[in-house]
Structures are given as structure tokens and as C-alpha cells.
Amino acid sequence: MLTEREKMAAGDWYSCLDAELESLRNTAAQACDAHNALPAIERRGLSAPLRGLFADHGQDCMIEGQFHCAYGCNTRLGNFVYLNAGCVILDSAQVTIGDHTLIGPKTQILCADHHRDPQQRRKGLERALPVTIGSDVWIGAAALILPGVTIGDGAIVGAGSVVTRDVAPGAVVTGNPARPR
């Protein structure tokens with residue numbers, strides 16, 4: 001019998017109302033609160049609270065204040081990753097962000113896919129789909145990256161875009177839903 005955390009990691013339907021998952025979310029909330037309370041200069045090079053939370057991170061990453069993540073332990077950052085103010089990563093699945101990627105303010109990266117049946121949603125059933133963002137990607141302000149999406153190396157996502165499908169390497173996408181320009 002799999003735990004809810006194991007089901008989540010496998011991409012199966014799981015209950016997010018589980019005590020172990022709640023504990024992990026509380027740990028992430030505390031780390032985010034500590035990060036957000038730091039003076040800006042202390043967040044350079046990735047703050048200590050987030051260094052201890054993320055699954056992996058490269059060198060010289062920077063995450064501005066008012067950052068939020070659901071778990072943190074499912075997030076991997078490459079080298080020289082920059083997340084501007086107010087970014088959200090709901091990392092119920094693996095979130096991988098490649099080297100030299102720039103993410104604009106208030107961007108949201110979302111892995112949770114809630115059940116379509118309202119009775120199942122009441123039980124907290126959801127599944128987690130990974131998000132992969134390549135190297136040298138630029139994501140404009142307030143973009144939404146939806147569950148299961150891969151954004152290829154060198155791609156550009158326009159501000160305010162809603163990315164519902166994979167983005168090819170080097171492509172420029174804009175709009176809702178995001179489409180190649």
C-alpha cells in the first residue's frame with residue numbers, strides 16, 4: 001500500500017489532505033516566510049532557508065521576496081536561475097528549471113491537477129504532473145505554467161501568457177492559451 005506522498009511522486013491520484021504532506025507544506029511555508037523576511041542582500045546567491053528546502057540548486061541563483069512554494073523538496077534549480085518578486089511554485093511534482101533561466105514577477109508554476117469529479121475534489125484528490133523549464137528560458141511577468149508542461153531551451157514565454165502545452169526549444173509563445181508567434 002503506497003503512502004499519499006508515494007502516490008503523489010508516482011503521478012497517481014492522491015489525497016492532499018494527508019498529515020505527512022501537510023507537514024511538508026508547513027516546512028515549506030516556514031522556509032518561504034523566513035526567506036521573504038530577509039533583507040534583499042541576504043537573498044542573493046539563494047537564501048539559507050531555501051537552500052535547505054530545495055531538492056537541488058546550482059550556483060548564483062536568486063529568488064526575490066514574496067516567493068511561495070508548496071513543498072520545495074520537489075524543486076531543482078540550475079545555475080544562475082533568477083525568479084523575480086512574487087513567484088509561486090506549486091511543486092507537488094518535480095519542477096526543474098535549467099541554467100540561466102529568468103522568470104518574471106508573479107509567474108506561477110503549477111503541478112497540481114485536481115480531480116474533475118466534485119465529490120473526489122472534496123476528498124482532496126489531485127494528481128501531480130511535472131514541469132520542466134529548460135536552460136536560457138525567459139518567462140515574462142505573470143505567466144502561468146500549467147501541470148505537465150515542458151518548455152524547451154532558449155524559449156521565450158510572453159508576459160501574462162497561459163502555457164497549457166509544451167513549448168519547443170527556441171520558440172516564442174504568447175497569449176491565452178500561449179501559441180507560437
Q | Common cluster, L77/L53, ILVMFWY with side-chain heavy-atom separation under 4.5 Å | A | yes
Q) When clusters are formed by joining ILVMFWY residues with side-chain heavy atoms under 4.5 Å apart, either directly or through shared neighbours, do L146 and V95 land in the same one? A) no
Q: Take K106 and N84, measure what side-chain contact (heavy atoms from CB on, under 4.5 Å) needs, and give me the verdict at the end.
A: CA-CA 7 Å; K106 298 191 186 255; N84 210 324; over 6 Å; no
(Q) Taking L110 as the starting point, is it possible to reach F67 by hopping between hydrophobic residues whose side chains are less than 4.5 Å apart? (A) no
**Q.** Residues which pass side chain to side chain contact (heavy atoms under 4.5 Å, CB included) with R76, listed by chain and number, not counting sequence neighbours
**A.** A55, D56, Q94, T96
**Q.** ILVMFWY network linking L90 to I151, side-chain heavy atoms under 4.5 angstrom
**A.** no
Q.
I want to check something: taking the side chain as every heavy atom from C-beta on, are M8 and Y71 in contact at a cut-off of under 4.5 Å?
A. yes
Q. If you take all heavy atoms of D18 and R25, which pair is closest and at what distance?
A. O-NH2, 4.5 Å
**Q.** Cluster overlap I156 with V163, hydrophobic side-chain contacts below 4.5 Å
**A.** no
Scan the side chains in residues 127-143 for donor-acceptor partners under 3.5 Å anywhere in the protein, sequence neighbours excluded, and list what turns up.
unit_1, atom_1, unit_2, atom_2, d
R127, NE, D113, OD2, 2.7
R127, NH2, D113, OD2, 2.9
S135, OG, D99, N, 3.2

Q.
More than 12 heavy atoms of other residues, nucleotides or ligands under 6.0 Å from CZ of R116: yes or no?
A. yes
Q: Check the pair T107 / C87 against side-chain contact (heavy atoms from CB on, under 4.5 Å), numbers first and verdict last.
A: CA-CA 5 Å; T107 291; C87 285; 4.2 Å; yes
Q. Do S92 and Y14 touch side chain to side chain, with heavy atoms closer than 4.5 Å?
A. yes
Q. Do any pairs count as a salt bridge (Lys or Arg N to Asp or Glu O under 4.0 Å) and have a residue in residues 142-171, sequence neighbours left out, and if so which ones?
A. none
